[in-house]
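Chain A is the first sequence line, chain B the second, and so forth, proteins listed ahead of strands; every chain is numbered from 1.
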Amino acid sequence: MSTPEPSEAFESLHPAMQKWVWRQGWAALRATQEQTIPAVLGGDCDVIVAAATAGGKTEAAFLPILSRLLAGGDDDAGMGLALYISPLKALINDQYGRLDLMTDGLDLPVVPWHGDIPQKLKHGFLKHPRGMLLITPESLEAICVTHGHRLASLFERLEYVVVDELHAFIGVERGMQLQSLMHRLELVIRRRVPRVGLSATLGDMQLAAGFLRPAGAQSVRTIVSTEDAGELKLQIRGYRQVPPALSPRQAEATEESGAEVAVEDTIQGDVLDISQHLFQVLRGTNNLVFANSRGNVETYADLLRRQCEQLRVPVEFFPHHGSLSKELREHVETGLKAQTQPVTAVCTSTLEMGIDIGSVASIAQIGPPHQVASMRQRLGRSGRRGEAAVLRIYIQEREIDHKTPAPDRLRPALFQAVAMTELLLSRWTEPPLHGALHLSTLIQQILSVIAQHGGTTAQGLWNALCENAPFAAVGQDNFVALLRRMGRTGLLSQSADGTLLHGEVGERIVNHYSFFAAFTTPEEFTLAVDGKVIGTLPIDRPVAEGDYLIFAGRRWRVLRLDMTHKRIDLARAGGGRAPTFGGTAGIVHDVVRAEMHDLYCGQEVPVYLDAGAQELLAEGRHHFHDLGLDRTAFLDAGEDVFVFPWAGDIALDTLAAMLTESRIRTQREGVYLCARDTTTAAVQEALKRIAARDQPAPVELAANVENKASEKYDEFLDDDLLSVDWASRRLDANAALQIVQRLCASN
DNA sequence: GACCTGCTGCGGTGTG
């Protein structure tokens with residue numbers, strides 16, 4: 001055991017925490033910890049600690065917080081309370097294990113609180129609310145609703161609020177809910193409580209500070225780890241799509257003739273090639289293969305398993321995604337962590353953050369990543385303990401013939417992957433989207449505040465949620481319109497003295513446990529084999545008895561379909577294809593599209609491209625120039641006009657809405673806009689008109705968008721409020737006008 | 001044309 005170098009930060013810790021640091025055998029505290037400890041211990045400011053995975057940031061926060069709680073315990077006033085909020089139950093369980101060791105033998109209760117925790121533990125906390133409470137936003141919401149009358153006494157000794165994985169909350173409904181809950185707690189105890197945000201690399205520290213403390217971003221201390229990222233070994237591999245050996249029709253005919261069809265003959269050639277390459281390079285070590293969709297996860301996990309079986313070696317490739325049962329997922333996680341035999345997980349973003357699965361030898365990514373931020377997060381799983389991180393990206397592009405539409409000749413998947421890789425290397429990360437109103441979450445919070453107080457006034461709601469509060473941007477007019485709408489839809493009712501109460505519909509919603517989550521989840525079938533549940537499947541997928549499908553890395557036939565209990569019974573079979581799980585597309589950032597444009601215009605060939613990817617890069621550039629896209633943004637395509645502004649999806653969507661409003665029917669299609677039944681001259685005229693007139697109100701543009709309802713309680717909004725909400729989260733008039741000016745100037 | 005996350009209190013019955 002070595003003694004850590006004494007430092008001011010170390011000396012300031014409670015003796016019990018100093019002992020814990022000694023027991024770790026650390027040579028010294030890390031730079032991040034040296035900075036964080038005094039900032040947190042002071043207790044007079046909010047702090048954000050941004051550091052790569054395994055950077056010791058949890059200890060940086062826990063050491064001073066536990067010190068302060070222990071010091072309070074020595075006083076007559078008694079021990080205070082710290083709240084640790086996590087987006088994942090699994091993370092709470094992990095942190096509970098760590099804190100249990102840190103507080104071993106000390107009189108400092110640590111209580112985990114989420115849906116899987118037995119009530120007895122929770123009652124213990126309600127009796128003696130002190131020490132450290134580890135909780136999810138949903139469970140905290142439940143406490144506000146269920147124990148509203150005693151909220152002030154429960155949290156009266158609150159000294160800190162820690163938010164782990166801060167980046168996971170910014171810009172989404174759950175983040176609005178969390179901000180609102182933190183604000184409501186401070187209101188009820190009538191004082192400001194220091195907040196500590198822990199995060200991986202954040203794209204924009206000022207934005208993160210504004211999220212953590214909406215009314216005082218300037219006063220948030222931000223501590224960014226300067227520890228250098230280790231070495232990175234990188235390759236992008238390019239593949240051309242090759243049709244399966246047998247077309248679906250040929251395969252069916254062969255089966256009808258009684259002959260057996262080899263699974264491999266029904267799979268695309270490039271998919272087989274990629275799975276074989278993965279098998280060769282990954283076998284024998286622990287790895288993560290990110291396949292971008294649950295359907296792809298199933299396809300590749302199945303092919304990799306078959307290769308193991310054909311060689312008669314133990315299966316070491318397993319699927320992992322959100323529709324698989326908890327048991328199946330935990331089996332894979334345990335295998336990865338144990339490191340006793342090689343395990344490769346083929347996964348979606350399920351293994352991107354959170355629980356500790358140990359270090360893996362390499363990361364593979366099939367298809368272009370959706371975001372630089374998630375690329376960075378994925379890479380953080382590899383290359384710990386001084387070893388180089390290894391990343392292989394597999395890109396498939398279609399074969400070009402005379403029928404290939406012009407935009408598909410640009411090899412957009414490869415260019416997106418290279419652009420994101422370049423941005424990753426230059427340390428850029430997408431800032432989270434912000435400015436969304438999330439009226440759906442405001443509905444939830446209004447119902448929750450009413451439950452907490454057993455009724456309140458419109459003014460009370462405004463004060464609790466909007467006035468210098470997280471929903472300030474909603475504005476009074478929209479707030480009043482929302483309350484009226486909630487009255488009309490039965491969410492609210494008003495008593496004779498003006499008190500707002502739950503309406504009949506609101507009562508029903510609040511009294512069901514599904515109320516506590518701010519986000520929505522689709523209805524699903526349960527999938528079972530011999531009575532054992534192996535996962536779920538979205539209910540809007542067409543499934544029939546006798547169908548074949550791949551799931552959990554195996555092949556099945558649908559035995560029974562029970563619509564009343566939403567249950568599907570499966571039996572082992574040899575055929576099948578991966579189901580499509582549905583979902584909506586991600587949003588690509590302006591900077592990524594600009595980087596793609598630079599790549600098309602440039603000459604350089606990144607060293608990390610294999611021969612196949614180099615060819616695709618050269619082809620993309622050739623067609624880019626051949627189509628004249630180096631000189632113009634417009635492409636005549638028969639009756640349609642394609643426009644290539646090389647801007648992000650939100651700017652493109654806004655511009656499409658502006659053109660549509662100017663009577664040029666326009667839609668975004670991948671990286672470009674498609675204007676229907678028109679000419680380049682007409683589009684250019686329309687752009688000039690848009691540039692010349694006053695800035696269009698995004699709300700008016702949103703009025704033309706169909707199917708705007710997407711968040712949990714959007715169904716209760718009328719079209720006006722839906723448009724307000726949609727405009728706030730999916731339209732950016734300034735960005736669109738910049739494109740318009742650019743396009744007008746270049747012609 | 002993508003992914004992920006979360007969830008209470010009560011009444012009934014059984015057991016020590």
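The ring-ring contact (aromatic ring centres under 6.0 Å, His included) check on A:Phe551 picks up A:His321, with sequence neighbours excluded.
Distance, A:Leu178 CG to B:dT5 C1': 13 Å, rounded to whole Å. The separation between A:His320 atom NE2 and B:dC4 atom C1' is 12 Å, rounded to whole Å. Between the CG atom of A:Asp164 and the C1' atom of B:dT5 there is a distance of 14 Å, given to the nearest Å. Across the protein-nucleic acid pair, A:Leu140 atom CG and B:dT5 atom C1' stand 16 Å apart, rounded to whole Å. Atom CG of A:Leu288 and atom P of B:dC3 are 18 Å apart (whole Å). In this entry the distance linking CZ of A:Phe290 with P of B:dC4 reads 11 Å, nearest Å. A straight line from CD of A:Glu165 to P of B:dC4 spans 16 Å, rounded to a whole angstrom. Put simply, CD1 on A:Ile170 is 16 Å from C1' on B:dC4, counting in whole angstrom units.
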Please tabulate, one pair per line, each protein N/O and nucleotide N/O from nucleotides 6-12 of chain B that are separated by under 3.5 Å, including the distance.
{"from": "B:dG6", "atom 1": "OP1", "to": "A:Lys89", "atom 2": "N", "distance (Å)": "2.5"}
{"from": "B:dG6", "atom 1": "O3'", "to": "A:Thr136", "atom 2": "OG1", "distance (Å)": "3.4"}
{"from": "B:dC7", "atom 1": "OP1", "to": "A:Gly115", "atom 2": "N", "distance (Å)": "3.0"}
{"from": "B:dC7", "atom 1": "OP1", "to": "A:Thr136", "atom 2": "OG1", "distance (Å)": "2.8"}
{"from": "B:dC7", "atom 1": "OP1", "to": "A:Ser139", "atom 2": "OG", "distance (Å)": "2.7"}
{"from": "B:dC7", "atom 1": "OP2", "to": "A:Gly115", "atom 2": "N", "distance (Å)": "3.1"}
{"from": "B:dC7", "atom 1": "O2", "to": "A:Tyr513", "atom 2": "O", "distance (Å)": "2.6"}
{"from": "B:dC7", "atom 1": "O2", "to": "A:Ser514", "atom 2": "N", "distance (Å)": "3.1"}

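Counting only distance, with no hydrogens or angles, the side chain of A:Arg376 and the backbone of A:Trp428 share a donor-acceptor pair below 3.5 Å. Side chain of A:Gln416 to main chain of A:Pro369: a donor-acceptor pair is present (N/O by atom type, distance under 3.5 Å, no hydrogens or angles).
Side chains of A:Ile85 and A:Ile135 form a contact here, defined as non-hydrogen atoms less than 4.5 Å apart. Counting heavy atoms from C-beta on, the side chains of A:Val163 and A:Met182 come closer than 4.5 Å.
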Pairs under 3.5 angstrom only: tabulate donor-acceptor contacts from the side chains of residues 147-154 of chain A to other protein residues two or more places apart or in another chain.
{"from": "A:Arg150", "atom 1": "NH2", "to": "A:Leu126", "atom 2": "O", "distance (Å)": "3.0"}
{"from": "A:Ser153", "atom 1": "OG", "to": "A:Arg150", "atom 2": "O", "distance (Å)": "3.0"}

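Within 4.0 Å of A:Arg668, counting heavy atoms only, lies at least one base atom of the nucleic acid. Among the atoms of the strands shown, only primed sugar atoms or phosphate atoms (P, OP1, OP2) are found under 4.0 Å from some heavy atom of A:Gly322.
Distance from the side chain of A:Ser349 is smallest to B:dC3 among B:dT5, B:dC3, B:dA2.
In terms of position along DNA chain B, the nucleotide closest to A:Gly586 lies nearer the 5' end than the nucleotide closest to the other residue of the pair A:Thr520 and A:Gly586.
Between A:Arg294 and B:dC4 there is a side-chain polar atom (N or O) within less than 4.0 angstrom of OP1 or OP2.
Checked against a 6.0 Å centroid threshold, the rings of A:Phe169 and A:Phe211 do not count as neighbours.
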